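No experiment lies behind these values; they were computed from the predicted model shown. Numbers for residues simply follow the sequence, beginning at 1.
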Amino acid sequence: GEALGSSGQDQGSDAASRIASLQAAVEEEQHRCAELARVRDSLEGARGELEERLSEVQAGGKALEEQLRLAKEAETAAEEWANECMERMEAAVHKAADLQAA
């Protein structure tokens, strides 16, 4: 009967050590999951910051496009005024020449 008792205890301690190693594996897995969750959270935060910056840049880009459009309009207007001015000046020069000739 002695042999049976000792083999039963062996099986018991074997089962206990298997349970202990399973628990250790589970804890390790939980730590890994917690670490991954932290990584995921920080990535999520980084993505949020990037999206924020992107929308700022896009808004800045829209503002720059608007400024560029206004600058082009102003340039076109200035060019038209300059052309008109040149035409008036040429006309005045011709008038002066006509007056001198007369």
Side-chain angles (χ1 to χ4, degrees):
E2 187 80 30
L4 275 175
S6 66
S7 74
Q9 280 178 334
D10 286 350
Q11 283 179 343
S13 67
D14 204 32
S17 74
R18 273 208 305 264
I19 288 170
S21 71
L22 276 172
Q23 283 177 325
V26 165
E27 282 175 25
E28 202 178 305
E29 207 53 42
Q30 285 174 331
H31 285 307
R32 202 173 300 147
C33 286
E35 187 56 38
L36 282 171
R38 279 194 292 274
V39 168
R40 182 205 59 210
D41 290 347
S42 73
L43 285 171
E44 211 175 299
R47 179 180 52 80
E49 284 176 30
L50 284 171
E51 284 175 348
E52 214 171 285
R53 273 203 300 210
L54 178 63
S55 64
E56 284 171 13
V57 166
Q58 286 172 334
K62 285 198 185 100
L64 284 173
E65 279 177 25
E66 180 62 14
Q67 287 176 342
L68 183 60
R69 188 183 65 75
L70 292 171
K72 281 180 180 171
E73 282 180 13
E75 185 185 355
T76 302
E79 207 175 310
E80 287 170 6
W81 293 333
N83 289 341
E84 285 174 22
C85 189
M86 292 292 283
E87 285 168 15
R88 280 199 301 268
M89 198 173 69
E90 281 172 23
V93 166
H94 286 306
K95 261 188 197 159
D98 289 349
L99 285 172
Q100 280 176 345

### Query
Would Glu35 and Arg38 pass as an ion pair if we require N to O under 4.0 Å?
yes

Here the gap from Leu22 atom CG to Glu27 atom CD, rounded to the nearest 0.5 Å, amounts to 11.5 Å

**OP:** Using a strict cut-off of less than 4.0 Å between a Lys/Arg side-chain nitrogen and an Asp/Glu carboxylate oxygen, indicate whether Glu65 and Arg69 qualify as a salt bridge.
**Re:** no

Output for pair (Glu79 CD, Lys72 NZ), nearest 0.5 Å, gives 13.0 Å

d(Leu36 CG, Glu29 CD) to nearest 0.5 Å is 9.0 Å

The reported gap from CD in Gln30 to CD in Gln23 (rounded to nearest 0.5 angstrom) is 10.5 Å

Separation between CZ (Arg18) and OG (Ser13), nearest 0.5 Å, reads 10.0 Å

Does any non-hydrogen side-chain atom of Leu50 lie less than 4.5 Å from one of Arg53? yes

d(Met89 CE, His94 NE2) to nearest 0.5 Å is 10.5 Å

Glu28 bridged to Arg32 by N-O distance under 4.0 Å: yes

